[in-house]
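Some notes on the structure that comes next.
Everything quoted here is computed from the prediction, not taken from an experiment. Side-chain atoms are counted along with the backbone in the values below, which use heavy atoms only and exclude waters and symmetry mates. Below, chain A is the first sequence line, B the second, and so on; all start at residue 1.
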Number of protein chains: 2
Amino acid sequence: MAKNVTAVLTIAGTDSSGGAGIQADLKTFAALGCYGTSATTALTAQNTTGVQAIHGVPPNFVVEQIKSVLDDIDIRGIKTGMLFDSSNTHAVASTLKEHFASKGRVPLVCDPVCVSTSGHVLLHPDAISTMIDELFPLAQLITPNKAEAEVLLKARSLSSEITTFQGMLAAAQSLLTLGPQAVLLKGGHIAVSLADIGSVTTSAGTSVEVNRDFLFGENTEILQLAKHSVGDDLIVDVLCHQTQHGVNNITLYPRPRLQSNSTHGTGCTLSAALACALGRGTALVEATAQATTFTHLGIETAAPIGQGFGPLNHLHSVSRLVLQPRTPGNPFPLTRKLIQGTSRVWKEYVQHDFVVQLGKGTLERSSFLHFIKQDYHYLKYYARAYALLASKSHDFAPILAAVEIVLHVSRESAMHTSFCAQWGITKDELDTTPESPATTAYGAFLIDTGLQGDTTKLVMALAACLLGYGEVGLWLKKEAEKPNSWVKWEGNPYLKWMQDYSGEDYQNAVRVGLETIESRAAADPPSPARYAEWRAVWENCVRLEKGFWDMAMNKL
Amino acid sequence: MAKNVTAVLTIAGTDSSGGAGIQADLKTFAALGCYGTSATTALTAQNTTGVQAIHGVPPNFVVEQIKSVLDDIDIRGIKTGMLFDSSNTHAVASTLKEHFASKGRVPLVCDPVCVSTSGHVLLHPDAISTMIDELFPLAQLITPNKAEAEVLLKARSLSSEITTFQGMLAAAQSLLTLGPQAVLLKGGHIAVSLADIGSVTTSAGTSVEVNRDFLFGENTEILQLAKHSVGDDLIVDVLCHQTQHGVNNITLYPRPRLQSNSTHGTGCTLSAALACALGRGTALVEATAQATTFTHLGIETAAPIGQGFGPLNHLHSVSRLVLQPRTPGNPFPLTRKLIQGTSRVWKEYVQHDFVVQLGKGTLERSSFLHFIKQDYHYLKYYARAYALLASKSHDFAPILAAVEIVLHVSRESAMHTSFCAQWGITKDELDTTPESPATTAYGAFLIDTGLQGDTTKLVMALAACLLGYGEVGLWLKKEAEKPNSWVKWEGNPYLKWMQDYSGEDYQNAVRVGLETIESRAAADPPSPARYAEWRAVWENCVRLEKGFWDMAMNKL
């Protein structure tokens, strides 16, 4: 189940249209498997075409929200976004400062949101100083874009205009002097070439590394075959932090610029993803790689939503599971789904007229004998299929488990022989009875499935026989226990057969079989395609089982 | 990519602690693959122990938010939660009424949130009438719990106390007269037994059905083996809607009561899940089944968060993908991950000293001849492995594709023979040269992998040879094209070998091979366990390739 979930907090404004702000943060947290909480600093009426209205939240209520969260939940990472005004910024900073002082610091990512893409002021100008003075010293990382970096630098009368890639590197280092432990200066507004990256010059006391996740690594000429090579219009995010020895450590994150209108909330998404990664304890350089990749893929895989600049696809790296989780209330989700999905043919199998007449004791002796003789042939296929399963297995435990079943089937066949003797059928007659097409179809299908797929597919093929006979045995026994039952138990010529399949021995095997397929499915949850394969194999076997009893009834 | 995403809207209050309200709604929307938008009616400072403070949002700003969303985004389903007061309730109802009148109705689920579990008033009492009069007529469904149902019925002077299961059925029908198209009366506060469900009596003009998702279906005796049978402490949600013929159609949704403290936001989650299902066009009865199951599993799989009644696990039915999505910027995510994950040994293979000396033209003739003779043996395994792949394939296209490669390898072996003749090696010598252990190891591993796993696993095993020789060919050619290259091209005794593997023919095969493994991985995204298997096979083959060249260099 969901253990050790990392809880994170966003302190930001809302975006009614769901692409930015707290909404983008919560979607990012969910997509990355973190537990999301939030404190709202301002509400916006907003969509993909712009911001229509803003409603600021009173600072004392911002504090109330943050305290409600921090007092109750073990928050491991925090991000701030739109803080709206100076009093809210002060309220946030002082609340976090107090919390860090009493409970210890957690990674804080400050996205210094100032102005929306559409030009709406999201942070009152007088709040800039408050943010720098009070919030930055608490921050592990700030994540300004070009415009925000320029505003911040200008507020401290530092050289602020950023027009070149080299200028970005200087600005990032300059921003570091404003107090945060690290700066991620986002590069969306500066065009960079591979050559620019190669020719980066660094002053003394600076080291530069390049993250190559979006470039081609060494020894990957073949991956460049398809002409998807990285061009010269790169976006480069610049991460800068100071080492213990006072060296400015710069990491560059180049990636291809995407031609896309799905960019609403990019900055929110990035800082939210950073809060998740840092909150999980991922080191800064790797956390930045994960967060920039997550954001890039969100843009690249987005479907158009809205009339303007649409939201990212936050869900690009999650998929819906086909099977429900295995829980105490539903310990057999795969088997249930298989049976529910094939309920008509499953019923035709487990409540076959052969079974009903056998239960009543009215089944023609010749039908039963025909069945028993063919079942003897079938058991040979069944044993071979488990031997094949053993040969395909990788570890002693599954090898031995499969071979145990071969031995069990072999003993069962010996009992078959003596059982048949009681009905006047000799071993010789068993061996020389020609195999019916229904027997060959079922048996050969097991072997073919085993040769063709992996071990799990073979296990699925073997399940219909094991589980179905268990179902028949339990059903007949349960019916027999009812008053005035249609099932004749004592004195039924087929009593031993009913006893065998409803008995503890066989039902134990059913339990083991259920556990085997359910634990395989839980350990390696099937994709839709893989589940469809399993289901097809299961359904085919259920049909073949029904066909087997048709054969017996009709003595085919 | 993310196509045809269903967009939904929640109009509700926030929960700073993330378990209820808009936060629960957005998490539910994300988990169910819908695009979430929101309009905030009130902010709460809240956690798992209770509600600490509430800040109402002015009605005109609630309207602004709803309009920003509806004017821009094609919303297919809407839910309302906490509406706070009468003026906000009126504002929401009139805005939706106007929108439905101009753009057509979409399913509206009204969760009539009144009072928090901890006793905090979330809807001013004077808003009840507004909700009934103005919002209910717009709603496809309302989802009250027992307390809310009683408040609603009392407000209209209807018999309101609900103490029995039979009373729930009456109340649900009574609520229907308040104006919504359907009522889902939640049963969390009434204990029901299976016998109660069996003995439901209905008056004339009413029909009752039972959803059996949480009960055991027909013919599933074996699933009840594990003593997880449904007990007598059931929760039953009651869905009631009127058919065209004026019949009250009741559906019961029984499920086992869970002993859990993770119930914060249950109602929000349920109504959000209903908005998703109805927004996708799912019929009401099935939508309710999906939403109640989603919510039940959210409680059952929740990890403890917070000190009080913790949130549900909204992410129980999604999983993180191992591979990045296949995008224009990263068309080979599987191959990249395989190579990056084995970069050291991959480099030892594709830049092996054998390759370097071959490029320089300094490779000992005897090493090359040893290699060529062993390669001849290896190609037999390689052809057999593709024949095995054909025999395991299910359709003519993959059968023929595999057989084409067998034919290609066979022709290659003929060229091998004539090529060897130039070096003075007869066909007879080729055939009688003993197989080196490195050749047997690699060849037999291919066959074993093919016999043991599914076709995709075999394709992974075959990839290291195909892609590695392609990489070697391209690398040598690229190096040779550099000025003053260390690679000797013209006059190199091994020129033909270099030309073959860098040539268009072979590189086309590499492209086809890349497309094959990438499209298989994209169509059937691997679970972590399955990816680990692929990676192990890949890495083993890369090592065996390196071993093959070690053998040639050392003439083993």
Do A/K27 and B/Y35 form a cation-pi contact, if we require the NZ or CZ to be under 6.0 Å from the six-membered ring centre and within 45 degrees of the ring's axis?
yes
Give a yes-or-no answer on whether the side chains of B/Q46 and A/S68 include a donor-acceptor pair shorter than 3.5 Å.
no
Would you say the side chain of A/E221 lies within less than 4.5 Å of the side chain of B/V510, judging by non-hydrogen atoms?
no
Please flag which part of B/L9 lies under 4.5 Å from any non-hydrogen atom of chain A: side chain, backbone, both or neither.
neither
Selection from B/G18, B/G306, B/S319 maximising heavy-atom pairs under 4.5 Å formed with chain A
B/S319
Among A/I305, A/V350, A/D454, A/D72, residue most engaged with chain B (heavy-atom pairs, under 4.5 Å):
A/D72
What option among A/A30, A/G36, A/P58 has the most heavy-atom pairs under 4.5 Å with chain B?
A/G36
Close side-chain approach of A/L26 and B/Q23, heavy atoms under 4.5 Å:
yes
Heavy-atom contact with chain A under 4.5 Å, split by part of B/L451:
backbone
If I take atom OG1 from residue B/T456 and atom CZ from residue A/R530, how far apart are they, to the nearest 0.5 angstrom?
9.0 Å
Turns out that what part of A/L323 lies under 4.5 Å from chain B's heavy atoms comes down to neither
Among the options B/T10, B/V63, B/I54, pick out the one with the most heavy-atom pairs lying under 4.5 Å from chain A.
B/I54
Counting heavy-atom pairs under 4.5 Å with chain A, the top scorer among B/L467, B/T14, B/T49, B/I75 is B/L467
Would you indicate whether the side-chain heavy atoms of B/S317 and A/R320 approach each other to under 4.5 Å?
yes
Most heavy-atom pairs under 4.5 Å with chain B, out of A/D74, A/D71, A/L32, belong to A/L32
Minimum side-chain heavy-atom gap B/V318-A/L321 below 4.5 Å
no
Under a 4.5 Å cutoff for heavy-atom pairs, which residue among A/G453, A/G473, A/G450 has the most contacts with chain B?
A/G453
Distance, nearest 0.5 Å, that separates CG of A/D15 from OG of B/S38:
7.5 Å
Does the side chain of B/N47 reach to within under 4.5 Å of the side chain of A/V69, using non-hydrogen atoms?
no
More than 12 heavy atoms of other residues, nucleotides or ligands under 6.0 Å from NZ of B/K67: is that the case?
no
Any side-chain heavy atom of A/S17 within less than 4.5 Å of one from B/I73?
yes
Please round to the nearest 0.5 Å and tell me the distance separating atom CD of A/Q65 and atom NE2 of B/H55.
9.0 Å
About how many Å separate OG1 of A/T41 and CG of B/L43, when rounded to the nearest 0.5 Å?
10.0 Å
Do B/Q351 and A/N219 touch side chain to side chain, with heavy atoms closer than 4.5 Å?
yes
Side-chain (B/E64) to main-chain (A/A53) donor-acceptor, under 3.5 angstrom
no
Interatomic spacing from CD1 in B/I66 to OG in A/S16 - rounded to 0.5 Å
10.0 Å
Please classify the contact between A/T44 and chain B as side chain, backbone, both or neither, with a heavy-atom cut-off of under 4.5 Å.
backbone
Best-contacting candidate, A/Q324, A/Q52, A/Q452, against chain B by heavy atom pairs under 4.5 angstrom
A/Q452
Which region of A/D213, side chain (C-beta onward) or backbone (N, CA, C, O), has a non-hydrogen atom less than 4.5 Å from a non-hydrogen atom of chain B, or is it both or neither?
backbone
Pair count under 4.5 Å, heavy atoms only, with chain B: among A/Q340, A/H316, A/E218, A/K347, highest is A/K347
Under 4.5 Å heavy-atom distance to chain B, tell me which part of A/H296 shows up: side chain, backbone, both or neither.
neither
Is it the case that over 12 heavy atoms from other parts of the model lie below 6.0 angstrom from the NZ atom of A/K392?
yes
Proximity breakdown for A/A523 and chain B, heavy-atom pairs closer than 4.5 Å
backbone
Atom pair CD1 (B/I339) and OG1 (A/T220), whose distance is rounded to the nearest 0.5 Å:
6.5 Å
I'd like to check B/L514 versus A/L223 (side-chain heavy atoms, cut-off strictly below 4.5 Å). Are they in contact?
yes
Turns out that what part of B/H314 lies under 4.5 Å from chain A's heavy atoms comes down to neither
Could you tell me which portion of A/L315 (side chain, backbone, both or neither) has an atom closer than 4.5 angstrom to a non-hydrogen atom of chain B?
side chain
Could you report the tightest heavy-atom contact between B/I222 and A/G470, atom names first, then the distance?
CG2-C, 3.8 Å
Looking just at side-chain N and O atoms, do B/T327 and A/E300 make a donor-acceptor pair shorter than 3.5 Å?
yes
